[in-house]
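Structure first, then comments.
Small disclaimer: the values here were computed from a predicted structure and weren't measured. Residue numbering restarts at 1 for every chain, and letters A, B, ... go by the order of the sequence lines.
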Protein chains: 2
Amino acid sequence: MTNAHKQNSMALFRDKCRQHNLSITPQRTVIYQELVKSKNHPDSEDIYRTIKNIFPEISLDTVYRTLAKFAEIGLIHLVEGYGEAKRYDPDTNNHHHFRCSECNKIVDFHDDSFDNLKVPKAFQKSFKVVNVKIILEGTCDECIKKL
Amino acid sequence: MTNAHKQNSMALFRDKCRQHNLSITPQRTVIYQELVKSKNHPDSEDIYRTIKNIFPEISLDTVYRTLAKFAEIGLIHLVEGYGEAKRYDPDTNNHHHFRCSECNKIVDFHDDSFDNLKVPKAFQKSFKVVNVKIILEGTCDECIKKL
DNA sequence: TTTTCTGCAAATCCTTTGCATATCC
DNA sequence: GGATATGCAAAGGATTTGCAGAAAA
C-alpha cells in the first residue's frame, strides 16, 4: 500500500464503518491498522498474533468476525481461501472458470484472449510462473432469475 | 468434457498411474470414472456420496486421498479451495496476485493488459460478471534459490 | 513377497455459533 | 438506554494422520 493510501486509510475505515452502521471499536481499529501495515496478505491468526502484544485481551474470534465483516463491506478484500471444500476438475485442457457467488456453481469457458496473456516481464525475470488462473466472479443465469 | 476426451480418459488414467507408480485399484478407477462423468466440479463429499451407491464399502478418506493424489500427478485439477486459511488484502485498488506454491507467499502486481480483459460475450448475455480474479501460480525468487 | 493402498478411528486445523457481559452511539 | 460488539467456551465442517489388515505388482 502506498503512503498516500496509508494516510487516508484510517479515514476510509471510519467512513466505511459509518456507512454500514458499524461501531468504531478499539478492536476494529487495531485490526484494521495492523492489516494496513501488513505486507503479506495475512490470515486471522497472523493478525491475532501480532495484535496480542499490544492488545492482550483481544480474542481470536473477534479477529475472525471483524475481518469477515470488513470484507463484506468492501473495506478489504479476501484474496485466498473461500471456506469452501476443495473441488476438482477432470478436464486438464486449457480453459477458465466462472463461479457464481450465489450458488457456488462453477462453469467452464474458453477464450483465446484469456489464454494468450503475457506474464509481466518483472515476474519472468525472477519468478517461475507455471500457471495463470483466471476466475470470473458474479451471478449465474439461474440465480439472476431467482433474485 | 467432450466425448473424445471421455473415450480416452480411462487410458489416460491408466497411463498416468503407471507413470507415477500408482496401483490401479477398484477405488481409484471408480473415483476417476465418476469424476469424468461429473459436470459440476465436485468435492470429495460429492464423489463419495455418488460412489457409495455402487461401492458401499468405500471410505471417505480414500476419496480424499485419491483426489489429492490425482491432482498431484496432474490427472485432474484442483479448481477451488486450497486448504489454506482465509487471507485478506487491505489494498482495494485494481491489482492482481502471484502465489508461490512453495512458501504460499502472495505478491501483488499491476498490469494493464490484465486489467483490460474483455469478458466473453457469451457470458455477458446471461451472466453478471462482477469481478475478474487473476492469480499467477509458480515459484517465487526466494524459493527458486532454495531449491 | 514386497510395496502400496484401504478403512477405521482419532486428531487437527480453520472457522462459526450461543450466550452473557461490556461497550458504543 | 437500546443496539451492537466482545470474549469465552463449545461445536462444527473439512481434511489429515497413524495404524493394522488387505490388495496390487
Side-chain angles (χ1 to χ4, degrees), chain A residues 10 13-34 41-73 75-76 78-88 104, chain B residues 10 13-34 41-52 54-73 75-76 78-88 104 106:
Chain A
M10 293 318 291
F13 163 69
R14 276 187 289 270
D15 287 351
K16 275 279 185 184
C17 284
R18 286 203 193 97
Q19 275 171 37
H20 294 269
N21 293 313
L22 299 188
S23 314
I24 294 169
T25 65
Q27 288 90 338
R28 285 181 177 154
T29 307
V30 175
I31 290 170
Y32 185 68
Q33 280 171 341
E34 281 309 319
H41 308 80
D43 63 20
S44 299
E45 276 282 344
D46 295 331
I47 295 287
Y48 176 66
R49 218 178 309 116
T50 311
I51 289 179
K52 263 254 147 169
N53 299 317
I54 51 172
F55 200 143
E57 64 275 33
I58 203 165
S59 84
L60 177 57
D61 56 6
T62 295
V63 178
Y64 269 99
R65 273 191 274 232
T66 301
L67 292 176
K69 192 54 110 175
F70 286 172
E72 189 190 319
I73 66 172
L75 178 61
I76 65 176
L78 177 60
V79 292
E80 261 302 329
Y82 293 86
E84 263 193 53
K86 288 179 182 163
R87 293 171 66 178
Y88 296 92
N104 288 329
Chain B
M10 293 319 291
F13 163 69
R14 277 187 287 271
D15 288 350
K16 275 279 185 184
C17 284
R18 287 204 191 96
Q19 275 171 35
H20 294 269
N21 294 313
L22 299 188
S23 314
I24 294 168
T25 66
Q27 289 90 337
R28 284 180 178 157
T29 307
V30 176
I31 291 170
Y32 186 67
Q33 279 172 340
E34 281 309 321
H41 308 80
D43 64 19
S44 300
E45 276 281 345
D46 295 331
I47 294 287
Y48 176 67
R49 218 177 310 115
T50 311
I51 289 179
K52 262 255 147 169
I54 52 174
F55 200 143
E57 65 274 34
I58 203 163
S59 84
L60 177 57
D61 57 5
T62 296
V63 179
Y64 269 100
R65 273 191 275 233
T66 301
L67 292 176
K69 192 55 109 175
F70 285 172
E72 187 189 319
I73 66 173
L75 177 61
I76 65 177
L78 177 60
V79 293
E80 260 302 328
Y82 293 87
E84 262 192 56
K86 287 180 182 163
R87 293 170 66 177
Y88 296 92
N104 288 329
I106 295 175

- request: Kindly assign one of parallel, tilted or perpendicular to the pair B/Phe13 and B/Tyr32, based on the angle between their ring planes and the thresholds 30° and 60°.
  value: parallel
field: OP1 or OP2 of D/dA24 under 4.0 Å from side-chain N/O of B/Ser23
entry: no
message: Keeping A/Arg14 on the side-chain end and A/Ile24 on the backbone end, is there a donor-acceptor pair under 3.5 Å?
response: no
- prompt: Given B/Glu84 and B/Asn104, is the side chain to side chain contact (heavy atoms under 4.5 Å, CB included) satisfied, shown in steps?
  reply: CA-CA 9 Å; B/Glu84 262 192 56; B/Asn104 288 329; 3.4 Å; yes
query: With respect to the side chain of B/Phe55, which nucleotide from C/dG7, C/dT6, D/dG7 is positioned closest?
result: C/dG7
- line: Rounded to the nearest 0.5 Å, the CG atom of A/Leu60 sits from the CZ atom of A/Arg49 at a distance of 10.0 Å
task: Check each residue of residues 13-20 of chain A for a non-hydrogen atom within less than 4.0 Å of any atom in DNA chain D, then write out the ones that pass by number, or none.
output: none
message: Rounded to whole Å, please give me the gap between CD in A/Glu57 and P in D/dA5.
response: 19 Å
Distances under 3.5 Å between protein N/O atoms and the N/O atoms of nucleotides 11-15 of chain D, please, pair by pair.
from   : atom 1 : to      : atom 2 : distance (Å)
D/dT15 : OP1    : A/Lys86 : N      : 2.7
D/dT15 : OP2    : B/Tyr64 : OH     : 2.8

Nearest-angstrom distance from the residue atom CG of A/Leu67 to C1' of D/dT6: 15 Å
Distance, rounded to the nearest Å, where A/Glu80 contributes CD and C/dC14 contributes C1': 14 Å
query: Is any side-chain N or O of A/Thr62 closer than 4.0 Å to OP1 or OP2 of D/dG7?
result: yes
- prompt: Of the non-hydrogen atoms in A/Thr25 and A/Thr29, which two are nearest, and what is the gap between them?
  reply: O-OG1, 2.8 Å
query: Does D/dT4 have OP1 or OP2 sitting under 4.0 Å from an N or O in the side chain of A/Thr25?
result: no
message: Over all strands shown, is B/Arg28 touching base, sugar-phosphate only, or nothing at heavy-atom distances under 4.0 angstrom?
response: sugar-phosphate
query: Just to confirm, is there a sub-4.0 Å distance from OP1 or OP2 of D/dG7 to any side-chain nitrogen or oxygen of A/Gln27?
result: yes
statement: Correct closest heavy-atom pair for B/Ser59 and B/Tyr48 would be C-CE1, 3.7 Å
query: Shortest non-hydrogen contact from B/Ile106 to A/Glu80?
result: CD1-CG, 3.5 Å
field: Shortest non-hydrogen contact between B/Ala85 and A/Asp43, atoms and distance
entry: CB-OD2, 3.6 Å
Residue closer to the 5' end of DNA chain C, A/Pro26 versus B/Ile58 (nearest nucleotide): B/Ile58
- prompt: Counting side-chain heavy atoms from C-beta on, which of C/dG18, D/dA24, C/dC25 comes nearest to A/Arg65?
  reply: C/dG18
message: Without decimals, in angstroms, what is the distance between A/Glu72 CD and C/dT16 P?
response: 12 Å
- request: Record whether the side chain of B/Asn21 comes under 3.5 Å of the base of D/dA24 through a donor-acceptor pair of N or O atoms.
  value: no
- prompt: To the nearest Å, how far apart are A/Phe70 CZ and D/dA5 P?
  reply: 11 Å
message: Rounding to an integer number of Å, can you tell me how far A/Asp61 CG sits from D/dG7 C1'?
response: 6 Å
- request: Applying side chain to side chain contact (heavy atoms under 4.5 Å, CB included), run through B/Lys69 and B/Leu75 and close with a yes or a no.
  value: CA-CA 9 Å; B/Lys69 192 55 109 175; B/Leu75 177 61; over 6 Å; no
task: Say whether, by atom type as modelled, one donor and one acceptor occur between the side chain of A/Lys16 and the main chain of A/Ile73 under 3.5 angstrom.
output: yes
task: Using atom NZ of B/Lys69 as one end and atom P of D/dT16 as the other, report the distance to the nearest whole Å.
output: 12 Å
